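Notes to accompany the following structure.
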Number of protein chains: 2
Amino acid sequence: MASDSKPTINDVARIAEVSKKTVSRVINKSPLLSEKTRERVEQVIADIGYVPNPQARALALRRNFVIAAIHDNPNAQFLVNVQQGILEGLAGSDFNLMVKPVDRNSPNITDDIRDFLVRQRPYGVVLLPPVSENDEIARLCDDLGCRYVRMGSVRLDEAEHTVSSNDREAVCEAVSYLIEKGHQRIAIIEGPKGFTSPQERRAGFEEALHSAGLKLDEALVRPGSYTFESGVAAGQSLVEMADRPTAIFACNDEMAIGAMIAARRSGLLIPEDLSIVGFDDTPLSSHVWPSLTTVHWPIVDMARTAALKLIAPDDVEANARWLLPSVLIERSSVVPPAAR
Amino acid sequence: MASDSKPTINDVARIAEVSKKTVSRVINKSPLLSEKTRERVEQVIADIGYVPNPQARALALRRNFVIAAIHDNPNAQFLVNVQQGILEGLAGSDFNLMVKPVDRNSPNITDDIRDFLVRQRPYGVVLLPPVSENDEIARLCDDLGCRYVRMGSVRLDEAEHTVSSNDREAVCEAVSYLIEKGHQRIAIIEGPKGFTSPQERRAGFEEALHSAGLKLDEALVRPGSYTFESGVAAGQSLVEMADRPTAIFACNDEMAIGAMIAARRSGLLIPEDLSIVGFDDTPLSSHVWPSLTTVHWPIVDMARTAALKLIAPDDVEANARWLLPSVLIERSSVVPPAAR
DNA sequence: CGCCATTTTGACACCGGTTACCTAAATTAT
DNA sequence: ATAATTTAGGTAACCGGTGTCAAAATGGCG
């Protein structure tokens, strides 16, 4: 009993004895309408359960109510946080969220995205890191006249199309915290080359050393790829050193936890023998034992802000905001270094 | 230089000197067209870069090209896998994926979903567990004439609206494997009450015991909620028993890993002192040390199948498939019990 | 009461496609 | 050669909304 097909604006108009246009005015809360007819029409709408057809609206308005999240990020927790944030920003509006993953290794990412934008014509897109760091794609959106916000550690000094976090300052703070605790030999496990966020985090690391008068020991720098395995490998090579570091800063939590596991395998106690600081504040970081001291990366906030920038041009506050704070979360993976 | 607004079907018709309808026929690959005009029109389409407007099509066809994933599941890895699977199923079609999370604790989930379906009118929806277990919502889809597929351990004996996995058999196999290894005192950490999947997994557990002639010891049953913390709690209470079990089956990986951590905190060696088997095969399960023996839950396959069922009525193979195999993955968290 | 300004409402074309129906040309049958 | 049938393509209405602009209704004021 799937009932007859849905009532349309014409049905409402006929029953309420007004024109379609008047019904349209009621739906769109136009101010130039008498209270009397508005009530009458609203009554009819409620009676017959009329709901405007979004496709028809989209056609007439020449714009739809879709925000797309374009990503090439394989991290599940990140993705889900971003989606949550965008949906929070969209809540209460007519907008819906569409997800569009792209293949980071494909040579024609740009073509793929162009095709998507041209076919689907989303009202706006949120570009997620690392795809957000691709200037060509941002230009593509510009050319196609598609609203966009780039999320990440992009540090473009323009509020309109960007939502960033101050990774550099936050890492500087975190590493300074290690130094304050008495650590001098501090290692870093870097993120993948060629992206902004690992660069920023590395920069913050150096900044902290410099302002404490320490100099960077290249022997304590390890490459990483943001994966658990790369953290294990880097951690292992660090703890096997003759004069191993007393603390490690890893550019993300997964690698930090990998390093933790590697250290433990080598018989080290954490944090007594080795302090560790991560970055991201994934749920996992509070689940491991000892719980991981890390930098909270405000993904959900960034995503919510990005969504608001796209759909709420009047929200001056959201539109002005483009640099959100990453803050240090002290847990239990850091203590002063043991005397040697 | 955002260029003038996009070419429409009228532009193509005018330039190719045919009617709109003929262009429409070309787009829709209608067979009743001469090869000559088809080529001419296709040439014009390519020349001016015409792309059909999806909103207009949606309006005229009275159906859009949107598949929505409706979920109330907080697990990030699960969600991302589902999205990946659905997108694989949708790949190459005109369909796009929309995500619609609902609040599992809200009393008016049904109203929320009804509202979404009525407003957005997606072509089809994939209901994810545990929402998929709610019969009221399935009925709602029926009433609203919205195609749907319920994913999960739903075990409705009807292929049309269901994609399930054989959790029960798989768990039975996994626990039988423990028994073969020589374990007799096997504990279970259950999933949340009131959902099908934990029930099925528990049933499989009992089945394995029975067919081996063992009887269920209620003292070795612990409640859980699929969270890491509940796994820690359950694990701890199990290892503190005077005659503790030699093996634990946890109804998901997160709890298995929680139990693993709890056991280690109590000074137990894994797997020497305690074997552990999980369920899901999350990436984490191969990252922990020792790597977790677990049951692979074919989420991606299930999601892909669900998507195909929605959009490819001709794909008889996909439409007939509704029970996908969960298979045991042997890693290194199980060994025969130590002599006591 | 009549006139003008203002508010409220409606007629109609249009957004960019599709369907139903129709016509003219081409082909086949008689 | 003519009628019957098929094939190729066109016409007009329609899907369900919105924008424009003008008409109708209302109200204030002399």
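In the text below, chain A, chain B and the rest are named by the order of the sequence lines, each starting its count at 1. This is a predicted model, so every value here is computed, not measured.
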What integer distance in Å separates [X]:[atom1] from [N]:[atom2]?
X: Glu35(A); N: dT9(C); atom1: CD; atom2: C1'; answer: 16 Å
X: Asn64(B); N: dC15(D); atom1: CG; atom2: P; answer: 18 Å
X: Gln55(B); N: dT18(C); atom1: CD; atom2: C1'; answer: 16 Å
X: Arg38(B); N: dG9(D); atom1: CZ; atom2: P; answer: 10 Å
X: Leu61(A); N: dG16(D); atom1: CG; atom2: P; answer: 16 Å
X: Ile9(A); N: dC14(D); atom1: CD1; atom2: C1'; answer: 16 Å
X: Ile45(A); N: dG16(D); atom1: CD1; atom2: P; answer: 16 Å
X: Arg63(A); N: dG19(D); atom1: CZ; atom2: C1'; answer: 15 Å

We want to know whether [X] and [Y] form a side-chain donor-acceptor pair, criterion being a heavy-atom distance below 3.5 angstrom.
X: Glu88(B); Y: Gln84(B); answer: yes
X: Gln83(A); Y: Gln83(B); answer: yes
X: Trp297(B); Y: Ser165(B); answer: yes
X: Asn28(A); Y: Ser30(A); answer: no

So does [X] get a side-chain nitrogen or oxygen closer than 4.0 Å to the phosphate oxygens (OP1/OP2) of [N]?
X: Thr22(A); N: dT9(C); value: no
X: Ser19(A); N: dA11(C); value: no
X: Thr37(B); N: dG9(D); value: yes
X: Ser24(B); N: dG17(C); value: no
X: Arg57(A); N: dT18(D); value: yes
X: Thr8(B); N: dC15(C); value: no

Any N/O donor-acceptor pair, [X] side-chain to [N] base, under 3.5 Å:
X: Arg25(A); N: dG19(D); answer: no
X: Lys21(A); N: dG19(D); answer: yes
X: Lys20(B); N: dG17(C); answer: yes
X: Arg62(A); N: dG19(D); answer: no

| message | For Glu17(B) and Ala60(B), find the nucleotide of DNA chain D closest to each by heavy atoms; which residue's nucleotide sits nearer the 5' end? | response | Glu17(B)

NA contact type, [X], heavy-atom cut-off 4.0 Å: base, sugar-phosphate, or nothing?
X: Leu32(A); value: base
X: Leu59(B); value: base
X: Asn28(A); value: sugar-phosphate
X: Val23(B); value: nothing

| field | 4.5 Å side-chain heavy-atom contact, Val82(B) and Met151(B) | value | yes

| query | Are Cys146(B) and Tyr123(B) close enough that some pair of their side-chain heavy atoms sits under 4.5 Å apart? | reply | no

